[in-house]
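Each chain gets a letter, A, B and so on, in the order the sequences are listed, and its residues count up from 1. Atom set for the values below is all heavy atoms of this structure, side chains included, hydrogens, waters and symmetry mates excluded.
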There are 4 protein chains.
Amino acid sequence: MSETTRRRPGGRSARVRRAVLDATLELVNAHGLDGVTVAEVAERAGVHETSIYRRWRTRENLTLDALLASADEQLPVPDTGAVREDLLRYATALAAYLTTPPGNALDRALAAAGDDPATAHTRSEYWNTRAALSTQIFTRAVDRGELPPQVDPRLAIEMLVAPLHFKAVFTREPLDPALPAQLVDLVLRGLAA
Amino acid sequence: MSETTRRRPGGRSARVRRAVLDATLELVNAHGLDGVTVAEVAERAGVHETSIYRRWRTRENLTLDALLASADEQLPVPDTGAVREDLLRYATALAAYLTTPPGNALDRALAAAGDDPATAHTRSEYWNTRAALSTQIFTRAVDRGELPPQVDPRLAIEMLVAPLHFKAVFTREPLDPALPAQLVDLVLRGLAA
Amino acid sequence: MSETTRRRPGGRSARVRRAVLDATLELVNAHGLDGVTVAEVAERAGVHETSIYRRWRTRENLTLDALLASADEQLPVPDTGAVREDLLRYATALAAYLTTPPGNALDRALAAAGDDPATAHTRSEYWNTRAALSTQIFTRAVDRGELPPQVDPRLAIEMLVAPLHFKAVFTREPLDPALPAQLVDLVLRGLAA
Amino acid sequence: MSETTRRRPGGRSARVRRAVLDATLELVNAHGLDGVTVAEVAERAGVHETSIYRRWRTRENLTLDALLASADEQLPVPDTGAVREDLLRYATALAAYLTTPPGNALDRALAAAGDDPATAHTRSEYWNTRAALSTQIFTRAVDRGELPPQVDPRLAIEMLVAPLHFKAVFTREPLDPALPAQLVDLVLRGLAA
DNA sequence: GGATAAGCGAGACGGTACGTCTCGTCTTTTG
DNA sequence: CAAAAGACGAGACGTACCGTCTCGCTTATCC
């Protein structure tokens with residue numbers, strides 16, 4: 001999602017892109033996902049609406065683009081050498097992120113996103129990337145002999161992160177700080193048995 | 001959330017209410033959640049648009065009311081005398097429900113719903129009710145001695161259902177028929193340890 | 001509002017009628033003619049909306065009824081024995097009335113009133129009554145020999161009052177206190193010649 | 001009152017403007033002032049409703065704009081060299097105009113118009129313009145020595161036109177063809193004395 | 001003084017129109 | 001001649017009143 005076609009640092013294209021994405025994130029922070037309107041993004045970015053539509057085509061694309069770009073930066077996959085610690089850090093970081101405006105907005109944007117091919121592609125790419133990154137924790141653990149080889153990393157990671165997303169978008173309860181540890185422990189016990 | 005006053009069952013009011021909710025569900029089935037338009041609901045229900053706005057105030061309220069009403073009927077909590085069987089049936093039923101148009105629509109409606117007090121109340125009431133029902137499976141299991149008494153039923157049930165909701169609204173992958181059993185087993189192993 | 005103990009002439013009916021008309025006038029004073037809504041009249045009068053519609057059928061009827069009733073009381077036709085004085089007092093009183101909320105509202109209500117037979121009848125009755133009353137000033141003046149017998153009283157009185165109504169509803173300029181005298185003098189000079 | 005910005009004549013904007021105003025006048029002619037609905041104007045003009053609201057903001061603005069524009073064309077101020085003739089022609093033309101659908105509608109629209117600053121400005125501008133034009137008849141007459149210099153043109157013209165407007169919106173009587181002459185004579189006699 | 005007719009309270013509902021909000025497209029103007 | 005500026009098209013939403021209807025109850029009136 002980070003801009004791939006930067007030719008000159010400061011080309012007009014890049015400037016516009018940055019300004020628009022920044023403005024979008026600002027608005028998400030200020031008024032929430034639904035408070036983002038293309039007109040206002042354009043105004044804040046000092047760019048014409050048309051220019052936004054030319055690039056992103058739809059508002060959904062715009063918000064997704066802006067939010068996805070900021071997501072990866074917030075969720076590095078730790079490698080401490082111990083599964084439990086890795087998972088704990090990862091779950092804690094995710095829980096924290098999901099309570100920030102952009103984190104929450106990202107989840108809601110993903111939940112609301114349509115099923116057209118382009119969006120579907122973006123969606124699956126995002127989740128596959130995240131899964132590929134986060135399941136490394138398990139594969140490394142298996143390699144280290146911390147977990148038996150027959151563990152299903154994808155299932156395991158989903159049982160860990162799903163409840164966090166679930167609370168963030170469905171129940172909207174505040175996330176209990178103890179929750180990550182509880183989840184990690186329950187998952188690890190389940191895998192170890 | 002739902003309309004405020006309800007008079008005699010069978011009166012015009014009740015007739016209108018039923019017709020509208022039915023029409024709403026029909027439309028959800030036909031065109032998906034976003035394909036529901038108040039005007040078309042009104043037309044199908046043989047009711048005037050104004051009458052809908054009078055009761056439900058917003059489209060969001062309407063769809064939520066219609067979908068929530070239909071949800072409980074679809075998800076009875078089993079009581080077979082064995083935890084694993086209970087959980088398996090429950091998870092399977094939920095997985096099945098989430099792949100139906102109204103089931104999927106409900107999740108997306110809940111994800112998209114706002115944070116105003118009324119909606120928040122509806123939301124928490126719904127999830128609390130569901131949790132209260134489904135956690136009975138665990139309390140019964142504890143009573144029967146199937147599980148140790150220190151299990152946290154709320155946590156456990158969330159680890160079971162969250163991945164299903166997660167896949168339904170986030171990744172949108174088709175639900176693997178084997179998934180419920182995998183989830184159940186992992187959770188039960190985690191709890192037993 | 002005051003007649004709570006009188007039940008003979010009409011009883012409940014009469015009480016409702018008075019309460020409604022009073023409430024209507026109150027609202028006219030408070031929010032202007034367009035600020036009168038049947039719902040609010042009903043509430044203030046402590047009466048159900050339906051009861052208002054039963055009697056007056058339309059909002060227009062209601063406001064007209066309320067305003068017309070209060071009009072005649074405000075505009076007695078003077079009889080001082082001198083045309084000029086009579087006209088001056090009459091014109092001054094009218095000018096004053098038209099600047100009060102109900103006076104202004106009455107004019108606007110009459111201007112906005114429809115052309116259905118019932119309303120047309122009310123309208124012509126009102127204006128004919130007013131004309132019949134006010135032209136007495138001229139007929140008495142002719143009888144007294146103050147004015148030549150060939151004067152057209154209806155024309156004369158209209159040239160006197162029309163500019164006042166005109167300013168009240170069309171130009172909406174504040175009425176110059178000197179205006180009545182100027183009008184009277186111009187008319188009298190015109191008639192005398 | 002009228003829309004705020006106007007670019008090149010002939011552009012899309014101008015086309016829309018013309019089409020809408022024309023459609024508005026057509027509807028006034030066909031169904032009267034209250035028979036004008038924005039939706040139908042839009043349809044007849046082949047324009048989207050939103051475009052109308054964008055420019056005129058309210059239905060009141062739209063009808064006033066349309067009617068005012070057509071008014072000036074209908075009421076040229078004559079200059080025959082003789083006061084009586086000038087006034088007679090002017091009064092006759094006005095009387096005729098007020099019996100046409102747009103003429104009548106204009107008066108009713110003006111009577112019904114609100115008191116917000118924008119409308120107030122439009123109103124006073126209209127009446128001031130009309131007064132400035134029509135009082136020329138008197139000033140020219142004074143210049144020619146037909147009338148004494150102390151005549152108040154504004155008062156005089158109002159005594160002439162007010163009864164016509166009065167009958168058009170208040171009494172709704174058909175205008176007697178002889179009325180203009182009677183008014184003119186009475187006013188001129190009053191001024192001459 | 002009891003029947004009965006008229007009117008009222010209560011609570012929707014039908015219906016019309018208005019004005020708003022955004023999105024996404026298209027034309028005009030300008031550098 | 002390409003991009004900025006500024007409508008416009010399109011569709012839904014929600015609001016404000018108006019006026020109607022049904023039903024049960026209360027009050028005035030009449031025999």
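Between the P atom of E/dA17 and the CG atom of D/L33 lies a distance of 14 Å, rounded to the nearest Å. Atom pair C/N61:CG and F/dG19:C1' shows a separation of 12 Å (rounding to whole Å applied). Residue B/R54 contributes atom CZ, which lies 7 Å from atom P of E/dG14 at whole-angstrom precision. Here E/dG19 presents its C1' atom at 9 Å from CD of D/E49, a figure rounded to the nearest Å. The separation between C/D34 atom CG and F/dA16 atom C1' is 13 Å, rounded to whole Å. Between A/E43 atom CD and E/dT22 atom C1' the separation is 15 Å, expressed in whole Å. Atom CD of B/E60 is separated from atom C1' of F/dG14 by 14 Å (rounded to the nearest Å). As a whole-Å value, the separation of B/I52 CD1 from F/dG14 P is 11 Å.
Side-chain N or O atoms of C/R123 include none that pairs as donor or acceptor with a backbone N or O of C/A118 at under 3.5 Å. Here the side chain of C/S51 pairs no donor or acceptor atom with the backbone of C/V47 at under 3.5 angstrom.
Within the 4.0 angstrom heavy-atom criterion, only backbone atoms of the sugar-phosphate kind lie near A/V36; the bases stay farther away. Among the protein residues, A/V47 comes within range of no part of the nucleic acid, since none of its heavy atoms lies under 4.0 Å from any strand.
Looking at D/R55 and D/S13, their side chains do bring a donor and an acceptor atom within 3.5 Å of each other.
Counting only heavy atoms from C-beta outward, the side chains of B/D65 and B/E60 never approach each other to under 4.5 Å. The closest side-chain heavy-atom distance from C/L25 to C/L67 is below 4.5 Å.
Each of E/dG9, E/dT22, E/dG7 was ranked by its minimum atom distance to the side chain of A/T37; first place goes to E/dT22. Counting only heavy atoms from C-beta on, D/Y53 has its side chain closest to E/dT20 among E/dC8, E/dT20, E/dG14. Taking every side-chain heavy atom of D/R59 into account, E/dG19 is the closest of F/dC18, E/dT16, E/dG19. Picking from E/dC23, F/dC13, E/dG15 the nucleotide with the shortest atom distance to the side chain of A/V38 gives E/dC23. Side-chain proximity of A/R57 to the nucleotides E/dT25, F/dG11, E/dG19 is greatest for E/dT25. Listed candidates were F/dG6, F/dC17, E/dT25. Nearest to the side chain of A/T50 is F/dG6. Distance from the side chain of B/H48 is smallest for E/dT16 among the nucleotides E/dC21, E/dT16, E/dC18.
OP1 or OP2 of F/dC18 has not a single side-chain nitrogen or oxygen of C/T58 nearer than 4.0 Å. In this structure, D/R55 reaches the F/dC8 phosphate: one of its side-chain N or O atoms is under 4.0 Å from OP1 or OP2.
Both C/S51 and D/A39 sit near DNA chain E, but only C/S51 has its closest nucleotide nearer the 5' end.
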